[in-house]
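Here's the structure, in structure tokens; my notes come after.
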4 protein chains.
Amino acid sequence: MTRIDSYLLTLSCLDRPGIVAAISSYIASFGGNILEAQQFDDAETGRFFMRVEFALQDSARYPDVRRGFDALAEQFAITWRMRPRAERQRTLILVSKFDHCLVDLLYRLRIGELEMDVVGIVSNHPRQALMTPLIDDVPFHYLPVTPDTRNEQEARIKALIEETGAELIILARYMQILSDALAAYLSGRCINIHHSFLPGFKGAKPYHQAHARGVKMIGATAHYVTSDLDEGPIIAQDVEGITHADRPDALIIKGRDIERRVLAKAVQLHLEDRVLLNGAKTVVFRD
Amino acid sequence: MTRIDSYLLTLSCLDRPGIVAAISSYIASFGGNILEAQQFDDAETGRFFMRVEFALQDSARYPDVRRGFDALAEQFAITWRMRPRAERQRTLILVSKFDHCLVDLLYRLRIGELEMDVVGIVSNHPRQALMTPLIDDVPFHYLPVTPDTRNEQEARIKALIEETGAELIILARYMQILSDALAAYLSGRCINIHHSFLPGFKGAKPYHQAHARGVKMIGATAHYVTSDLDEGPIIAQDVEGITHADRPDALIIKGRDIERRVLAKAVQLHLEDRVLLNGAKTVVFRD
Amino acid sequence: MTRIDSYLLTLSCLDRPGIVAAISSYIASFGGNILEAQQFDDAETGRFFMRVEFALQDSARYPDVRRGFDALAEQFAITWRMRPRAERQRTLILVSKFDHCLVDLLYRLRIGELEMDVVGIVSNHPRQALMTPLIDDVPFHYLPVTPDTRNEQEARIKALIEETGAELIILARYMQILSDALAAYLSGRCINIHHSFLPGFKGAKPYHQAHARGVKMIGATAHYVTSDLDEGPIIAQDVEGITHADRPDALIIKGRDIERRVLAKAVQLHLEDRVLLNGAKTVVFRD
Amino acid sequence: MTRIDSYLLTLSCLDRPGIVAAISSYIASFGGNILEAQQFDDAETGRFFMRVEFALQDSARYPDVRRGFDALAEQFAITWRMRPRAERQRTLILVSKFDHCLVDLLYRLRIGELEMDVVGIVSNHPRQALMTPLIDDVPFHYLPVTPDTRNEQEARIKALIEETGAELIILARYMQILSDALAAYLSGRCINIHHSFLPGFKGAKPYHQAHARGVKMIGATAHYVTSDLDEGPIIAQDVEGITHADRPDALIIKGRDIERRVLAKAVQLHLEDRVLLNGAKTVVFRD
């Protein structure tokens with residue numbers, strides 16, 4: 001999947017004629033070849049979003065490409081990000097007691113499906129509460145929390161993020177509600193898996209809610225964390241059919257499968273810079 | 001699909017040992033052969049649900065089978081229904097201006113997919129507002145309604161149901177809210193298609209709500225009508241993936257496809273006596 | 001869905017640096033604004049595919065945009081097509097006895113989902129064999145065929161295509177095998193619905209084959225017609241789950257639903273110039 | 001999910017009136033309560049299939065229920081199997097180099113989703129070739145094989161099955177073709193995951209085949225092993241959509257997800273005695 005010496009450029013700005021031409025001409029002026037490009041004009045907000053993957057014949061020119069883009073960005077008031085595709089994002093995973101998502105992420109990492117560096121695992125439960133083998137030598141941080149110690153615990157999480165340089169934070173069934181301050185600090189780089197098809201069943205025990213309501217499908221939602229727990233910008237969702245005979249414990253089992261594949265999908269999309277924030281929504285450039 | 005001279009028995013009662021034996025022995029005592037049988041024990045309520053399709057070598061014995069079941073029903077306090085499978089239910093369809101569900105039902109009727117007799121179509125819009133060809137010679141009743149005339153209009157609908165002997169009433173995108181009285185009168189025999197994946201987006205304009213929230217899937221829900229418009233027992237649901245690029249009008253188009261197939265599925269399940277009410281939920285015995 | 005005064009450009013050529021810049025700069029030089037753009041580099045063949053939808057502030061300049069593109073096309077050896085998006089393609093539908101796909105297409109046309117002009121319907125069965133109401137005043141051509149008269153019948157079909165100027169030909173369950181000559185004549189503009197998930201069950205009675213094999217899912221495939229009936233480039237596919245209890249007639253009913261939605265999807269993609277031929281395969285730029 | 005002291009009875013015989021009554025009366029005569037029952041009449045073969053889960057108020061009577069069933073079985077020429085639901089099947093897993101299915105099964109085992117006892121893992125690759133942590137203390141047997149040593153290797157596998165008393169054998173991406181003799185020996189109790197949606201792409205490298213053909217969906221198939229590698233009775237299948245941009249390596253990644261969930265589903269259905277063989281097909285009584 002990885003292409004040697006390719007680069008990812010993502011950007012957004014107000015839409016106006018000539019943007020695509022300006023960007024593609026800029027890349028071409030360095031002998032760059034556009035391998036993949038996607039764009040979206042949000043007719044409601046007039047905002048333009050783009051993702052470009054390009055290759056350079058001479059990778060030594062990349063620093064110039066990057067540096068020179070500032071002038072173009074200024075001209076069109078572009079918010080942008082450019083990086084070598086092969087660069088692996090430093091990632092911190094938070095988990096509570098249910099570790100199916102953690103195990104799934106670690107396995108996908110191991111077989112090369114997810115290209116990231118896991119710099120640490122944080123749990124409010126001790127390591128022995130989790131299925132340890134796959135954690136292996138990833139630094140594990142046991143940070144218990146009570147209502148009274150949340151501020152201190154979050155300060156330690158924040159310190160860990162800064163020490164490790166974590167760019168992406170994954171809440172892999174981390175069952176603690178983040179403070180508004182931490183949520184704001186993590187804005188746009190913290191992915192949560194909500195074990196429900198939002199906005200179907202918000203709040204706790206969604207599978208029990210689904211059972212009580214008698215719905216015929218359940219699902220899961222991966223979204224960026226905001227201070228409003230169940231309202232962050234949605235990245236990916238999926239569902240499965242259920243029947244009257246599925247009791248809540250059966251729904252939980254089915255739910256686990258959906259949760260882990262939806263979270264893995266969202267993480268992969270994020271790692272490939274395919275998700276751009278658009279206010280309370282996302283633009284997702286699927287491959 | 002139709003089996004000649006087969007009969008459908010659906011029932012529910014409090015669960016206790018020996019029920020299945022009692023029912024199957026009763027059928028066997030008339031030389032009946034069970035073609036299909038499904039059951040469900042609701043562990044939460046202790047209630048037992050069953051659907052049996054059986055054939056008789058001598059169909060002349062059916063009246064005796066039916067009459068004699070009363071004694072068994074009394075013994076186990078069974079709520080039941082028995083009928084020849086080939087008997088077609090008299091059906092009344094209500095529709096407003098969007099006729100994609102109506103057209104779909106009528107076409108499926110015509111090619112033999114839905115075994116029912118449509119005894120009439122009611123609309124609060126005149127016939128020329130609908131795509132008329134498929135209505136053909138089905139009696140069409142234009143019953144306009146305003147907030148002030150709802151009682152009178154509903155009285156006319158009720159009279160129509162009684163005159164035609166309609167057993168099933170389908171709200172095929174009928175955009176009027178029924179009074180509590182009419183909803184209660186239609187309890188368990190009126191199917192609505194809610195153009196949303198409940199309980200995701202209740203109320204009006206669900207596709208606009210879905211777009212505003214940025215969800216990645218939309219769906220539709222077929223349910224029995226109760227006085228609480230969006231809360232009736234759910235029969236069938238389905239969803240489809242959408243993207244950031246789908247504007248509300250695109251969602252409406254995708255939604256139409258989901259709506260018509262979910263409503264058709266629910267109607268078919270109902271016509272084959274596969275849906276049993278279980279409080280605010282349903283038991284659906286899929287084939 | 002329709003944007004006033006927008007234009008569709010689709011193209012393919014050998015990939016090389018600067019193509020995107022050249023095309024987007026060309027459009028920008030006329031004051032054009034790119035509304036949607038998608039591209040694909042086929043790493044195996046080195047071929048580049050692109051679809052661009054652009055708007056012009058001054059639509060009077062469109063003839064110049066179109067005319068001037070020749071020079072660019074020559075420079076990069078581009079195969080291309082440009083047209084106003086609002087231009088409706090002239091379409092001829094061929095059908096045999098099963099009319100569910102025809103009815104579905106005509107209904108979608110009527111409610112504005114498919115933007116095409118149906119210039120005629122051809123059937124090897126008389127009009128009364130079909131469910132006539134929806135055909136309405138669309139010219140209907142009864143062209144019966146026997147093994148001995150195939151050449152003559154196909155000559156009449158070809159004449160019809162030329163007389164009506166039909167650009168798209170849809171085989172909506174047209175159960176005759178086209179001659180190699182006619183298939184070649186229709187290359188790239190004739191869509192067939194194969195009532196099976198290819199390459200699962202080729203040939204006749206695929207649902208009976210699926211039942212005999214005991215598979216757990218059935219599907220349908222829409223593809224461009226080539227001289228090899230079951231091997232044309234695939235545009236769209238879909239499947240549904242089935243069970244051991246589904247007899248072939250039940251599979252046929254389920255199949256009808258899949259067939260009509262897969263064919264409608266493929267036709268819509270084609271009408272929006274989203275399908276580009278890539279040898280024996282397609283590039284499909286979904287919105 | 002587990003119900004204490006419940007029992008599973010599965011059976012098949014020629015269909016005739018009174019079977020259900022005879023079986024349910026037999027169970028009732030021991031004070032048994034039927035918790036779940038499903039049946040299927042194969043109209044083509046006249047064969048009747050049934051699965052019954054029943055509870056006993058006095059579990060001490062189970063040996064009598066089991067012993068006494070012989071007489072009934074003889075009367076109706078019934079092939080049957082009865083066992084306590086809580087009894088865990090002894091299972092042997094065979095794997096080659098790709099261990100995603102193995103890891104998935106072991107994780108589901110650990111969290112209680114799959115109720116089986118894994119008595120051993122066999123691989124033609126050494127343990128260090130696999131992702132070892134999850135294997136933990138499950139006996140691991142490295143049984144390398146070459147074309148010349150297949151007989152000896154299979155003899156060792158067979159010996160292992162007999163020593164461990166393995167009832168279920170799972171080929172979790174075991175890439176060796178079994179001899180006809182071993183396939184026959186394992187008849188009805190050996191589940192394979194075929195990394196393709198059968199009968200779409202048989203044989204080797206199905207994802208490359210799918211890419212070359214340009215299909216728009218890929219899938220996986222779990223089936224019982226027979227001497228004809230790709231033709232065994234199908235238990236479960238699933239698919240996912242793909243696009244022109246998915247290269248074979250991307251298909252392999254998507255395929256892994258489908259493979260592991262389809263295999264896990266098939267194993268779970270088998271462990272709950274929900275799969276009955278019906279010639280070259282299966283009857284699958286989903287819950």
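Every chain is numbered from 1 and lettered A, B, ... according to where its sequence line falls, protein lines coming before strand lines.
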Relative to chain D, which segment of C:D42 carries a heavy atom at a distance below 4.5 Å: side chain, backbone, both, or neither? neither
Does D:Y224 have more than 12 heavy atoms from other residues, nucleotides or ligands lying within 6.0 Å of its OH? yes
Of all heavy-atom pairs between D:V215 and C:Q237, which one has the smallest distance, and what is that distance? CB-OE1, 3.4 Å
Which region of D:T282, side chain (C-beta onward) or backbone (N, CA, C, O), has a non-hydrogen atom less than 4.5 Å from a non-hydrogen atom of chain C, or is it both or neither? both
Indicate the atoms forming the closest heavy-atom contact of C:R247 with D:A43, along with that distance. NH1-CB, 3.5 Å
For D:Y26, give me all partners under ring-ring contact (aromatic ring centres under 6.0 Å, His included), at least two apart in sequence or on another chain. D:F30, D:F69
Given C:Q209, C:E231, C:K216, the one with more heavy-atom pairs under 4.5 angstrom with chain D than any other is C:K216
Which pair of non-hydrogen atoms, one from D:P248 and one from C:E44, has the smallest distance, and what is that distance? CD-OE2, 4.3 Å
Using a cut-off of 6.0 Å, state whether more than 12 heavy atoms not belonging to C:F98 lie near its atom CZ. no
Short side-chain to backbone donor-acceptor contact, C:H244 and D:V284, under 3.5 Å: yes
Heaviest contributor of heavy-atom pairs below 4.5 Å to chain D, chosen from C:G279, C:G214, C:G219, C:A236, is C:G214
Using heavy atoms and a sub-4.5 Å threshold, report which of residues 187-205 of chain D line up against chain C, by residue number. D:F197, D:L198, D:P199, D:G200, D:F201
Does some side-chain heavy atom of D:M217 sit less than 4.5 Å from a side-chain heavy atom of C:M217? no
